[in-house]
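A quick write-up on the structure given underneath.
Note that the coordinates shown come from a computational prediction; the quantities given were computed from them, not determined experimentally. Sequential numbering from 1 along the given sequence is applied to the chain's residues.
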Amino acid sequence: MSDEQELGITKSKEYNTGEWYAEVVRKSGLANYGPEGMSGFIVTRPRGYALWEAVQNFLDSEFKQTGVQNAYFPLLIPESYLEREKDIVEGFDPEVAWVTHGGHEELEERLAVRPTSESIIAPYMAQWVRSHRDLPLRVNQWASVIRWEATETKPFFRTKEFLWQEGHTAHETRDDAWDETMTRLSQYQSLYEDALAIPVLRGAKPEHDKFPGADTTTTVEALMPDGKSVQAGTSHYLGTSFAEAFDITYTDEAEDEQPAHTTSWGLSWRSLGALIMTHSDDQGLVLPPTIAPEQVVIVPIWQADTQEKVLDYAEGIADELEDAGVRVELDDRDERNPGFKFNEWELKGVPVRFEIGPNEVDDGVVTVVHRPDGETVELDRENIAEGVQEQFDEVYAKLYAAAEENLESNVREASSRNEILGTIGQHGGYVKAPWCGDESCEEEIKDQIAAEIVMVPLNDEDAEIHDGEDCAVCGEAADETAYFAKSY
């Protein structure tokens, strides 16, 4: 197989989405599948990890500006700790991996490989909180978890081990904890809309699908081009249930003991799956300049008699961009022709390409090509660092506009069971329908078409009251709106 064939994407995003996605992940150098016999694990390559680091850097800065401190807790959790919050045990038991031996010795107590960390973090929060003066307490950890998913796995979207962050806070009052929950949800929304160029919807999970033990689970949902929704990040108001289970209490100003109100919130590298799926195309990966490992690739084009002046010109531009903080790659490989380089960097998703030949040198310009659509513009060599920032803004705007159009054109309404089924079956996307709140109505849709309620509007944000309306599924009185969709 030639390099050109190996580099190219052979599957169609529109017609073979799953195979296309896997091919983009592999051929753009983001990840490989794990060892044989370890289905559901991946090896994240440096370019893939660089994307995760960009997500980390964005969120870590946001978190620290709002009083969060990073910590780290053990990977292994004693079974007795896990059992102190019964809803955690029941909610995660099918997915927990257990350690039963240390070397050749059987352990006295099984250790869970963390599926989430409430049950190991909460006991230490209880130690650290004594008085109202210790509140609010905010900690976050960047870590991996293992959930032994039985369902089909997909790199970044659904793997048995995945990278994420999980934050945990304790507060004096419900209002303080709820404000915290909303702050984190807004930061997740900002990550998607301001760094990943993906618009999202905000809402809450229905009662039967909230985090085990939580009072309320809030979510941001992103719509993929194939019409499926991605749970893009969740923020949970836990009420006092975890505080009561793990004795997270404080003495108030009257010296009375009170349970703390706690929150937890997490976002995983599923965000990378959403990024890849949303923007990429049949030529390969497409990345916004905000997080691309290389924002600009410079491809010099020369003949033997022009090589020196073209390379000198290109190197000067590369140095100037690098000094300005631009992530730039000068591809001066002599053994590859320009066409090969164009295809390779398109496959890798670099948002802006500079083409520099003898004509550009003579005219004091640079030919700029936008990755998303191939648009070509010409920039003056003078003040090139300022000019490229405008190109970054234009590329980002194009990516966001396309994703926004996909979202806005794929939120539809339905007032009957058949309308829900028919609309999702034909169009995908989100279907808004009045709902009575009974889980059995969701099950009926799920059994028919594998769609579920991915969110309901938050009570304090764009809540829709259905006075006099009937549930679209069962015909009983409706009290809220449900967003039905197929999901990753």
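- Looking only at side-chain heavy atoms (C-beta outward), L201 and Y430 come within less than 4.5 Å of each other.
- Remark: the backbone N or O of K348 is not paired with any side-chain donor or acceptor of S28 at under 3.5 angstrom.
- Heavy atoms from other residues, nucleotides or ligands lying under 6.0 Å from CD of Q127 number more than 12.
- The ring of Y81 has its center no closer than 6.0 angstrom to the ring center of F246.
- No hydrogens or angles considered: a donor-acceptor pair under 3.5 Å links the side chains of D438 and S440.
- In this structure the side chain of Y21 never reaches within 4.5 angstrom of the side chain of K13, judged on heavy atoms.
- Proximity of a side-chain donor or acceptor of S235 to a complementary backbone N or O of T181 within less than 3.5 Å is detected.
- In this structure, E180 pairs ionically with R184, as a charged nitrogen and a carboxylate oxygen lie closer than 4.0 Å.
- The pair E207-K210 meets the salt-bridge criterion, since a charged nitrogen lies less than 4.0 angstrom from a carboxylate oxygen.
- Between L223 and N406, the closest heavy-atom pair is O-ND2, 3.5 Å.
- Residue S487 comes nearest to E452 through the heavy atom pair OG-OE2, 2.6 Å, listed as atom of the first residue, atom of the second, then distance.
- Between I120 and P78, the closest heavy-atom pair is CD1-CD, 4.4 Å.
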- Item | From CA spacing to verdict: salt bridge (charged side-chain N to carboxylate O under 4.0 Å, His left out), D281, R371 | CA-CA 10 Å; D281 57 26; R371 169 63 179 91; 2.8 Å; yes
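- The minimum heavy-atom distance between K154 and G18, with the atom names listed, is NZ-CA, 3.8 Å.
- A donor-acceptor pair is defined here as one N or O able to donate and one able to accept, closer than 3.5 Å; no such pair exists between the side chain of Q189 and the backbone of V200.
- Of the N and O atoms on the side chains of N16 and S12, not one donor lies less than 3.5 Å from an acceptor on the other residue.
- Both cation-pi conditions hold for K228 and Y488: the charged atom is under 6.0 angstrom from the six-membered ring centre and inside a 45 degree cone around its axis.
- The two residues C436 and E476 have their closest heavy-atom pair at CB-CB, 4.5 Å.
- Under 3.5 Å, the side chains of E469 and S415 contain no donor-acceptor pair of N or O atoms.
- A donor-acceptor distance shorter than 3.5 angstrom exists from the side chain of E109 to the backbone of S80, with no hydrogens or angles considered.
- A donor-acceptor contact closer than 3.5 angstrom links the side chains of T169 and H171.
- We find that E294 and R327 are not joined by a salt bridge, their nearest charged nitrogen and carboxylate oxygen being 4.0 Å or further apart.
- Across S144 and E161, no two heavy atoms sit closer than the pair OG-OE2, 3.3 Å.
- The aromatic rings of Y124 and W128 are tilted relative to each other, their planes meeting at an angle between 30° and 60°.
- Test L287, L196, T44 against L51 for side chain to side chain contact (heavy atoms under 4.5 Å, CB included) and you get one pass: L287.
- Remark: S117 OG to I77 CD1 distance equals 5.0 Å, nearest 0.5 Å.
- Between K205 and E221 there is a salt bridge, since at least one side-chain N of the basic residue sits less than 4.0 Å from a carboxylate O of the acidic one.
- Q258 places no side-chain N or O within 3.5 Å of a backbone atom of D252 that could act as its donor or acceptor partner.
- Here the side chain of T262 pairs no donor or acceptor atom with the backbone of A243 at under 3.5 angstrom.
- Using modelled atom types, no side-chain atom of Y72 and backbone atom of A143 make a donor-acceptor pair closer than 3.5 Å.
- No donor-acceptor distance shorter than 3.5 angstrom exists from the side chain of T159 to the backbone of P155, with no hydrogens or angles considered.
- In this structure, Q141 and I121 have side chains that are in contact, with non-hydrogen atoms separated by less than 4.5 Å.
- Side-chain contact, T240 with E244: a donor N or O sits under 3.5 Å from an acceptor N or O.
- For the residue pair W265/T263, the side-chain donor-acceptor check at 3.5 Å is satisfied.
- Within 6.0 Å of atom CD in E405, 12 or fewer heavy atoms from other residues, nucleotides or ligands are found, so the atom counts as exposed in its surroundings.
- S280 contributes a side-chain N or O that, together with a main-chain N or O of V286, makes up a donor-acceptor pair within less than 3.5 Å.
- Annotation: side chain of F58 is in contact with side chain of S190 (closest heavy-atom distance under 4.5 Å).
- Taking 4.5 Å as the limit, every side-chain heavy atom of N57 sits out of range of all side-chain heavy atoms of V55.
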